[in-house]
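Report on one structure; see the data block that follows.
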2 protein chains.
Amino acid sequence: MVLSKACTYGILASLYMAREATRSKDYISIGRMSKELNISFHFLTKILQQLTSAGILISMKGPKGGVALKRKPEEISLVDIVVAIDGMGLFTECLLGLPGCGEEKPCPVHDDWANIRAKLFHTFRGKNLAETASRIDSMNLRLSSEFPMNI
Amino acid sequence: MVLSKACTYGILASLYMAREATRSKDYISIGRMSKELNISFHFLTKILQQLTSAGILISMKGPKGGVALKRKPEEISLVDIVVAIDGMGLFTECLLGLPGCGEEKPCPVHDDWANIRAKLFHTFRGKNLAETASRIDSMNLRLSSEFPMNI
DNA sequence: TGAAAATAAGATAAACGGGTCTCAAAATAA
DNA sequence: TTATTTTGAGACCCGTTTATCTTATTTTCA
């Protein structure tokens with residue numbers, strides 16, 4: 001798996017929040033999100049706690065509480081979410097796992113992989129939550145794994 | 001991790017074998033390879049058994065036994081090894097893990113990821129063991145994680 | 001002020017990947 | 001034929017990730 005499960009859930013939830021943020025300024029309940037995105041509530045809670053302590057979300061307890069994006073969705077890139085949960089490893093590590101692989105002492109596939117992982121980084125660094133989420137409605141995309149439903 | 005540990009070990013061992021194959025026609029002992037590549041013998045054995053049953057290697061028991069590439073190193077691509085061990089998932093699955101994500105019902109990052117994973121596939125499909133292994137000597141590359149040594 | 005609603009936090013469990021160990025089977029060579 | 005060397009196959013262990021469960025803690029609102 002390229003991204004951990006936690007990371008994909010974090011991205012889906014962030015896109016969900018970006019979409020909601022265009023409609024209201026309220027906090028979004030994790031319980032509601034977990035139902036609509038078909039993600040285990042407790043697991044999602046922990047992931048969003050990570051995003052909160054990474055400074056990407058803010059949270060509020062109590063009735064009317066929940067989580068919300070701290071900055072504007074246009075200012076948050078998909079890479080921000082990935083890095084907050086999975087770290088930079090995907091964009092820095094050797095494909096063959098050789099420690100210290102780099103320009104000076106490359107592994108046999110270093111150049112190819114460095115090229116692809118840079119493309120990966122720049123592509124997803126250039127995708128912000130607002131634009132990505134807005135395409136969900138206009139292009140009839142999907143966020144949930146629930147089959148018939150397209151949240 | 002993009003490739004499983006087993007898969008990276010399989011690639012390193014395959015490159016090692018491709019390199020040896022240019023020098024002799026003998027079987028290569030897994031014990032020797034595990035020492036030179038710094039990979040656990042029993043674990044490497046299991047991985048090479050997978051490559052054997054996938055038809056990429058042939059094996060021979062007993063003294064003077066070991067494993068060898070079944071086809072010529074020029075005819076084996078890195079993708080062959082990846083697919084034999086990790087399967088096609090890396091090249092087919094949705095980055096966000098949504099089942100059934102595709103052209104008809106794409107996830108919000110489908111197009112970008114499909115583009116990158118296709119590039120990944122074609123890049124490593126185009127790299128054969130012979131050419132990749134030959135660069136190890138000529139360009140002073142590395143196969144092992146043992147630090148000072150460059151096998 | 002108290003009940004309810006929500007996140008926070010931590011213990012626990014299940015699943016999986018990575019890795020070890022043991023014994024069997026086959027081939028060689030003395 | 002027998003000892004040795006090698007791969008084959010499976011059970012087993014350990015740590016991390018994924019997921020669940022329970023118990024605070026905070027906030028709102030009647």
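Values reported hereafter were calculated over all heavy atoms of this structure, with side chains retained and with hydrogens, waters and symmetry mates removed. The structure presented is a predicted model; accordingly, all values stated were derived computationally and were not measured. Here is the naming used below: chain letters follow the sequence lines, and residue numbers restart at 1 for every chain.
Screening A/L143, A/L12, A/L141, A/T8 for a side-chain contact (heavy atoms from CB on, under 4.5 Å) with B/L98, the sole residue that qualifies is A/L12.
If you measure from atom CZ of A/F41 to atom P of D/dT22, you get 14 Å, rounded to the nearest angstrom. Rounded to whole angstrom, the span from the CG atom of B/D86 across to the P atom of C/dG18 amounts to 8 Å. Going from atom CE of B/M33 over to atom C1' of D/dT6 covers 12 Å, rounded to whole Å. Atom CG in A/D26 sits roughly 12 Å away from atom P in C/dA6 (whole-Å rounding). If you measure from atom CG of B/L3 to atom C1' of C/dG18, you get 15 Å, rounded to the nearest angstrom. Here the P atom of nucleotide C/dG17 and the CD1 atom of B/I39 are 19 Å apart, to the nearest Å. Taking atom CG on A/L44 and atom P on C/dA8, their separation rounds to 11 Å, with Å as the unit. As rounded to whole Å, 11 Å separates atom C1' of D/dT20 from atom CZ of A/F43.
Ionic pairing of A/D112 and B/K127 is present here: one or more N-O contacts between side-chain nitrogen and carboxylate oxygen are shorter than 4.0 angstrom. A salt bridge links B/R32 to B/E20: one of the charged nitrogens lies within less than 4.0 Å of a carboxylate oxygen.
Within the structure, a side-chain polar atom (N or O) of A/S40 is placed less than 4.0 Å from OP1 or OP2 of D/dT20. Using a 4.0 Å cut-off, no side-chain N or O of A/Y27 falls inside it from OP1 or OP2 of C/dT7.
Hydrophobic clustering (side-chain heavy atoms under 4.5 Å, transitive across Ile, Leu, Val, Met, Phe, Trp, Tyr) keeps A/L48 apart from A/M60. Hydrophobic clustering of Ile, Leu, Val, Met, Phe, Trp and Tyr side chains at less than 4.5 Å, counting indirect connections, keeps B/V82 apart from B/M1.
Checking A/S4 against B/I28, the closest nucleotide of DNA chain D that is more toward the 5' end is the one next to B/I28. Residue order along DNA chain C, read from the 5' end via each residue's closest nucleotide, puts A/I30 first among A/I30 and B/A6.
Side-chain contact check for A/L57 versus A/K70: every heavy-atom pair is 4.5 Å or farther apart.
For A/H42, the side-chain atoms get nearest to C/dA9 when compared with the rest of C/dA9, C/dG18, C/dT20.
Here the closest non-hydrogen pair linking B/I81 and B/S14 is CD1-OG, 3.3 Å. In this structure, A/Y9 and A/L44 approach most closely via the heavy-atom pair O-CD1, 4.4 Å. The heavy-atom pair separating A/V79 from A/R125 by the smallest distance is CG2-N, 3.2 Å.
Taking CG of A/L129 as the reference point, atom CZ of A/R71 lies at 9.0 Å (rounded to 0.5 Å).
Less than 4.0 Å separates DNA chain D from at least one heavy atom of each of the following residues of residues 47-56 of chain B: B/Q49. For the segment residues 57-64 of chain A, residues with any heavy atom less than 4.0 angstrom from an atom of DNA chain C are, sorted by number, A/S59, A/M60, A/K61, A/G62, A/P63.
Pairing for C/dA30 is with D/dT1, a Watson-Crick or G-U wobble pair whose two hydrogen-bonding atom distances lie under 3.5 Å.
Side-chain to base pairing of B/K46 with C/dG19: one donor and one acceptor N or O lie within less than 3.5 Å of each other.
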